[in-house]
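First the structure, in the form of structure tokens, and then the observations on it.
Quick caveat: nothing in here was measured; it's all calculated off a predicted structure.
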Amino acid sequence: MRFVATDVFDYHRPSKCGLRVYLRAQGAAEAPPGPFEETLRRLGRLHEARDLAALTATTDVIDLSRVDDRRERERETLRLLSEGTEAIYQGCL
């Protein structure tokens with residue numbers, strides 16, 4: 001099982017659950033997101049779009065947010081870092 005930073009939040013959200021992170025990693029079915037979570041996701045996407053727009057207005061930014069495969073995003077991030085890329089958005093280490 002791979003541990004990522006958001007697992008800490010998932011453990012406590014929407015209530016504390018000692019099995020949520022484990023079950024998610026095992027591929028257990030989850031309840032669909034409710035209206036509140038959908039609103040948070042929509043607002044999060046808008047926030048990230050504004051951040052990216054602000055960054056691209058001031059510097060050349062390589063956007064990796066559309067690279068879905070985590071390992072590919074890691075490889076691409078490392079390649080860009082080794083090339084001395086000025087700014088990487090949504091890179092993965």
Side-chain angles (χ1 to χ4, degrees):
M1 184 168 102
R2 182 182 185 130
F3 179 80
V4 295
T6 55
D7 289 344
V8 175
F9 297 104
D10 291 342
Y11 176 77
H12 292 280
R13 189 182 60 189
S15 61
K16 190 175 180 180
C17 176
L19 291 175
R20 185 177 295 115
V21 174
Y22 170 78
L23 291 171
R24 184 174 288 157
Q26 298 302 311
E30 296 183 51
F36 180 69
E37 189 170 348
E38 288 293 339
T39 299
L40 288 178
R41 289 178 180 185
R42 182 179 53 80
L43 292 173
R45 287 189 297 272
L46 289 172
H47 174 78
E48 288 190 2
R50 283 192 299 258
D51 280 352
L52 181 57
L55 287 171
T56 56
T58 60
T59 188
D60 290 331
V61 177
I62 304 297
D63 180 10
L64 296 181
S65 65
R66 289 179 171 71
V67 179
D68 291 328
D69 182 74
R70 182 176 184 82
R71 291 192 177 162
E72 178 60 28
R73 190 184 292 196
E74 288 174 0
R75 284 191 294 273
E76 189 64 11
T77 301
L78 292 173
R79 184 185 67 76
L80 292 168
L81 286 172
S82 69
E83 293 176 358
T85 302
E86 186 175 338
I88 303 168
Y89 186 74
Q90 295 290 335
C92 183
L93 298 174

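For Arg73 (side chain) and Ser65 (main-chain N/O), a donor-acceptor pair under 3.5 Å exists by modelled atom type. Using modelled atom types, one side-chain atom of Thr85 and one backbone atom of Leu80 make a donor-acceptor pair closer than 3.5 Å.
Under the 4.0 Å criterion applied to side-chain N and carboxylate O atoms, Glu74 and Arg71 are not assigned as salt-bridge partners. Salt-bridge check for Glu37 with Arg41: passed, with a basic side-chain N closer than 4.0 Å to an acidic carboxylate O.
In this structure, Leu78 and Leu93 have side chains that are in contact, with non-hydrogen atoms separated by less than 4.5 Å. Residues His47 and Asp51 are in side-chain contact: their nearest non-hydrogen atoms beyond the backbone lie under 4.5 Å apart. Counting heavy atoms from C-beta outward, Arg75 and Asp69 have side chains that approach closer than 4.5 Å.
Residue pairs meeting the salt bridge (Lys or Arg N to Asp or Glu O under 4.0 Å) criterion with at least one member in residues 83-93, sequence neighbours excluded, are Arg79-Glu83.
Using a 4.5 Å cut-off between side-chain heavy atoms of Ile, Leu, Val, Met, Phe, Trp and Tyr, with links allowed through other members, Val67 and Ile62 fall into the same hydrophobic cluster.
With rounding to the nearest 0.5 angstrom, the CD atom of Glu48 is 10.0 Å from the CG atom of Leu46. The distance from atom CG of Leu81 to atom CD of Glu76, rounded to the nearest 0.5 Å, is 10.5 Å.
Taking all atoms of both residues into account, the shortest heavy-atom contact from Thr77 to Ile88 is O-CD1, 4.1 Å.
Other residues sharing a hydrophobic cluster with Leu40 under the 4.5 Å side-chain heavy-atom criterion for ILVMFWY residues are Phe36.
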